[in-house]
Amino acid sequence: MIDLRFVRDDPDTVRASQRARGADPAAVDRLLDADAQRRAVVSAGDELRAEQKALGRAVGQASPEDRPALLARAKDLAARVKEAEAAETRANDALAAAHKAIDNVIEAATPPGGETDFVVRKTVGEIPVLSGPVRDHLELGEGLGAIDTERGAKVSGARFYFLRGVGAQLQWALLNLAVTKAAAAGFIPVIPPVLVKPESMEGTGFLGEHSDEVYRLEADDLYLVGTAEVPLAAYHSDEILDLSGDPVRYVGWSSCFRREAGSYGKDTRGIIRVHQFDKVEMFAYCRPEQAADEHLRLLAFEEQMLAAIEVPYRVIDVAAGDLGSSAARKYDCEAWLPSQQAYRELTSTSNCTTFQARRLSIRYRDADGKPQIAATLNGTLATTRWIVAILENHQLPDGAVRVPEALRPGLGGREVLEPAR
RNA sequence: GGAAGCGUGCCAGAGCGGCCGAAUGGGACACACUGCUAAUGUGUUGUGCUCUUACCGGGCACCGAGGGUUCAAAUCCCUCCGCUUCCGCCA
């Protein structure tokens, strides 16, 4: 949720943000109307309640002969209070709906436009010139006995897979490396629950436009998370944190579940787009004025991980229309995939400013001791998908794969993964 | 899965249906006193919405959550959630 006070004070900025996102600027005016309406209704209700309290007190103290008359008036008032409260409920609901309809206000420097309007911030590494046939990650993974999508489909259906042998080890090595690096940098390692209550899902903003992306367990009214961001954000909901110093940083390792509802036929081969994968996710809480710097710090950590797996990548500044409702700005790192001759997303880091924390009521005390809404940020440090980039970029002509140095300890020191004969 | 009990402010812990935003104790903070520390005394000690808005101040709401009864609910009733204990079942 955006800051209502900010909308009142500076509606033009919010309208501009809406326009840059390709959203309706008039939603801002609907919000302002709903806000004014609610305030009018609430203050009317407050007055009635004040009257009722005074009258109620008088009833209690009245003499037996005065009592009936006062009681009659009080009864009438009670009915009016009830009506006023019904009106308040309606006004609150209307405000909440108008409030939810507006996405986070973008950072001023965010490129306007949609999915294809991103700005490339930098490009790192050389695109490898491969001799011989270029194998894609599935062919390589099958050759290594590392990825088995056929049995994944047999057991669980399309977009499921088994990682086995060096494939399983490669994932552990990769995610372990991510957690180890993050922990060394001061992030608190966390293994969170992956089933969460509706309010946790709602609070982090995943039940909005992406609600058809999430798995729901109807019998228990729980959701499977699509990212550790959800439990890590909800972790401190309804709390007041000490954010007087550095940001509070967590690094979570979790399985992630996505229905991939709108992506029929997209990336159907291999493990690029799957229903379940593992991810190491950074999550930071800080004061709003620290958020932009922290965002760049998260991006820097992502780049360190990409450097460790030695793949070419670029960093893009995601355009406003492609941000997602909670983010004010988002940077993606995309790795080069030789089989596709294209860059594909491996990481994504978002600055959610106070948007997410407001709904989850995550606060800190400012210098005056007053509670203020915190800022939250998140970023990817490694996922199952990274295996795709590792296999493809480090493939050798015979279908073997060189192991980046940083991952060798997790693979028994092996420098090259040889295909099974 | 069955049974019972509990859920109040930073913590502990009272609370007859009206005078309870809530006693009391502890902690924290401020001031005073003391050569320093400790002790002591006095005061402050919540959040949200809202009116006025520079400030002071005023109004309303909040006693796990949501409903209900009542002129009036922390206090009575219902539902849900959480915790504790006992029984059963099972990794």
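Just so it is clear: chains get the letters A, B, ... in the order the sequence lines come, proteins before strands, and each one is counted from 1.
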Can you see if the side chain of [X] gets near the phosphate of [N] - specifically, an N or O under 4.0 Å from OP1 or OP2?
| X | N | value |
| --- | --- | --- |
| A/Arg39 | B/C51 | yes |
| A/Lys82 | B/U69 | yes |
| A/Arg363 | B/G48 | yes |
| A/Arg49 | B/C62 | no |
| A/Gln52 | B/A72 | yes |

Of the candidate nucleotides [options], which contains the atom at the shortest distance from the side chain of [X]?
| X | options | answer |
| --- | --- | --- |
| A/Ala74 | B/C60, B/C49, B/C71 | B/C71 |
| A/Arg365 | B/U47, B/U50, B/C71 | B/U47 |
| A/Ala50 | B/C60, B/C71, B/G48 | B/C60 |
| A/Lys75 | B/C71, B/A61, B/G48 | B/C71 |
| A/Val42 | B/C49, B/U47, B/A72 | B/C49 |

Pairing partner (Watson-Crick or G-U wobble, both distances under 3.5 angstrom) of [N]:
| N | value |
| --- | --- |
| B/C76 | B/G68 |
| B/A30 | B/U42 |
| B/A23 | none |

Would you kindly give the CG-to-P distance between A/Leu77 and B/A72, to the nearest whole Å?
->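 Roughly 10 Å, once rounded to whole Å.
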Mind calculating the distance between CD1 (A/Ile240) and C1' (B/C10) to the nearest angstrom?
->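 For the pair A/Ile240 CD1 and B/C10 C1', the rounded distance is 10 Å.
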Could A/Asp46 and A/Arg49 be called an ion pair, given the rule that one side-chain N must be under 4.0 Å from one carboxylate O?
->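 Salt bridge: yes.
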Salt-bridge test for A/Lys82 and A/Glu85: reply yes if a basic N is under 4.0 Å from a carboxylate O, no otherwise.
->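 Between A/Glu85 and A/Lys82 there is no salt bridge, as every charged N stays at least 4.0 Å from the carboxylate O atoms.
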Backbone N/O of A/Ala228 and side chain of A/Glu281: donor-acceptor pair under 3.5 Å =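 Side chain of A/Glu281 to backbone of A/Ala228, a donor-acceptor pair under 3.5 Å: no, none is there.
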Heavy atoms under 4.0 Å, any strand shown: does A/Arg8 hit a base, just sugar-phosphate, or nothing?
->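 Sugar-phosphate, backbone atoms only, no base.
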Is there a donor-acceptor contact under 3.5 Å linking the side chains of A/His275 and A/Tyr161?
->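 No, no side-chain donor-acceptor pair sits under 3.5 Å.
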Can you tell me if A/Ser348 and A/Asp332 form a side-chain donor-acceptor pair at under 3.5 Å?
->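 There is such a pair (donor and acceptor under 3.5 Å, judged by atom type) between the side chains of A/Ser348 and A/Asp332.
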In whole angstrom, give me the gap between the C1' atoms of B/A72 and B/C86.
->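 That atom pair is separated by 40 Å.
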